[in-house]
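Because the structure is a prediction, the values reported are computed rather than measured. Just so we're on the same page: letters track the sequence lines, and every chain starts at 1.
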Amino acid sequence: MRKWENIGDKTIPLLFIFIILVFWQLIVDGGIIARYILPSPYDVVVVCIKIIPDIKEHIWTTLQEALIGLVVAIALSVILAVLMDNFTLLKKAIQPLLVVSQTIPVMVLAPLFAMWFGFDMLPKIMVVILVCFFPIVVNLLEGLNSLDQDLLNLMKSMKASRWHIFSLAKFPASLGSFFSGLKIAATYSIIGAVIGEWMGGKSGLGVYMTRVRQSFALDKVFASILIIIVLSLLLFEIIELIQYLAMPWRRAIK
Amino acid sequence: MPIIEDVSFYLDQNEFVTLIGPSGCGKSTIFNMIAGIVPVEEGKVFIDGRDCTGEVGQVSYMYQKDLLLPWKKVIDNTILPLIIKGESVREARKKVIPYLKLFGLEGFEYKYPFQLSGGMRQRAALLRTYMFSKDIVLLDEPFGGLDAITRSKMQSWLLEVIEKVKASVLFVTHDIEEAIYLSDRIYVLTERPARIKEEVAIHLPRPREREIVTTTQFNRIKRHILLNLS
């Protein structure tokens, strides 16, 4: 099997996706499943390109909600994780709550948020914060905890202050986990915003999806899904790029 | 059961003293106590006649692991103690540059630690320890993780460096040959609870050549300690 290892990391998954798409296309083209029940991949792409100019506003709204939510979630998570790392009592008090917050179905919360905060962007941003917050905090906490005990002792033997231990050792040591959490959060953020939008509003991909679904325009539903996938992957790649720039020592490892 | 019992020893200025004993006998604990990292239940640590028990920052301490920060370049790792003291990176780098050559790190200063071999990393770690600039240097099995050939080279190199920078070194190892080759005096420790079994003065001439380990005098000392350890 050695020869498979020489093929680039991306070739195999791309090939696999291509095979699935061809298979899907053939099923629809062959009339096995009717077009109005399942649009073919080709149709989806064509519709997608066609509707993008009309739904620019919706895309922009969703993207804005996702980005604002993500940034707020990052800020909150960093503050909370650092506090929890420094104060054990706080950590013990909050950690179970964090887990509980993730067991509440977002589908139920979203309409409540709409009731409490209206139909503007705010309730959607709240949903994004809720889904993005957890993976960042958990990963960052783990990262802050991952520092070698001997390194901690070494720094203590040099009379390092808490701030120095944090800024020189703990924080950089946690960056890898922090970015892992961030990547998960980034991919969640778009769906978070879309779920928030399902509960009502004037603009957004979720709002648009609800409308086209109600008019049984399945090709447009699929086109929206395609846009959501692309946006999520885009955010993921941006985070990867930031990580690449922020952790130059990782580059040289390869 | 106590980890250490009735252990009392001293280190003179510019002296190289080694604690040797079986693995896990509490040598590292003794070092941690001197460095003020672990609490001392009984006994005292004196430096220049002053009671320094439980005080951190009085000695330079180096571990078996190099503990270099992977996210900092070699030069920025070596200035870590200066940064902790509050110096700016620029000032600190200026101070460390004259030592890079002596420590054999020239040409590697802007590499990341993982781009270096084990021996080079230990050199960087030793320079960092030295930059803390305390008269007393604790070295806890600094070559324990290296292969035999690198290890032997590093030992000769360490002797050379110490000759030049004049430091008082307290060394821990369980390698008898390493202990004799490097030291002025050796304390042989027992198994847990660690007690001092014997103090051995090494009257081998300095500077020491590598070949010294094959002389009769060297092997007589080695044989003596070997029998004493088992």
Would you mind telling me which of A/His164, A/Met158, A/Met247 has the largest number of heavy-atom pairs within less than 4.5 Å of chain B? A/Met158
Determine whether more than 12 heavy atoms belonging to other residues, nucleotides or ligands lie under 6.0 Å from atom CD of B/Glu191. no
Nearest 0.5 Å, what's the CG-OG distance between A/Leu154 and B/Ser60? 10.0 Å
Inspect the surroundings of CD in A/Glu57 and state if more than 12 heavy atoms from other residues, nucleotides or ligands are less than 6.0 Å away. no
Is the number of heavy atoms from other residues, nucleotides or ligands within 6.0 Å of CG (A/Leu245) greater than 12? yes
How close do B/Phe114 and A/Trp249 get, heavy atom to heavy atom, and via which atoms? CZ-O, 2.9 Å
Within a reach of under 6.0 Å around OH of B/Tyr99, are more than 12 heavy atoms found that belong to other residues, nucleotides or ligands? no
What closest approach, in Å, do A/Lys156 and B/Val56 show between heavy atoms, and which atom pair accounts for it? O-CB, 3.6 Å
Report, as yes or no, whether the 6.0 Å neighbourhood of atom CD on A/Glu142 holds more than 12 heavy atoms from other residues, nucleotides or ligands. no
Between A/Ser157 and B/Tyr61, the two heavy atoms sitting closest are OG-CB, 4.0 Å
Crowding at CZ, B/Phe9 (>12 non-hydrogen neighbours, <6.0 Å): yes
Just wondering, more than 12 heavy atoms not from A/Tyr244 lying within 6.0 Å of its OH? no
B/Tyr63 versus chain A, the contacting section by heavy-atom distance below 4.5 Å: side chain
Using heavy-atom distances under 4.5 Å, tell me whether A/Asp150 contacts chain B through its side chain, its backbone, both, or neither. both
So, taking the atom named CD1 in A/Ile165 and the one named CD1 in B/Ile84, what distance separates them when rounded to the nearest 0.5 Å? 7.5 Å
Measuring heavy-atom distances to chain A, does B/Ile83 have an atom under 4.5 Å in its side chain, in its backbone, in both, or in neither? both
Distance-minimising heavy-atom pair for B/Leu67 and A/Leu151: O-CD1, 3.5 Å
At a heavy-atom separation under 4.5 Å, does B/Lys111 approach chain A through its side chain, its backbone, both, or neither? neither
Quick check: are there more than 12 heavy atoms from other residues, nucleotides or ligands sitting under 6.0 Å from CZ of B/Phe46? yes
Shortest non-hydrogen contact from A/Ala169 to B/Trp71? O-CZ2, 3.3 Å
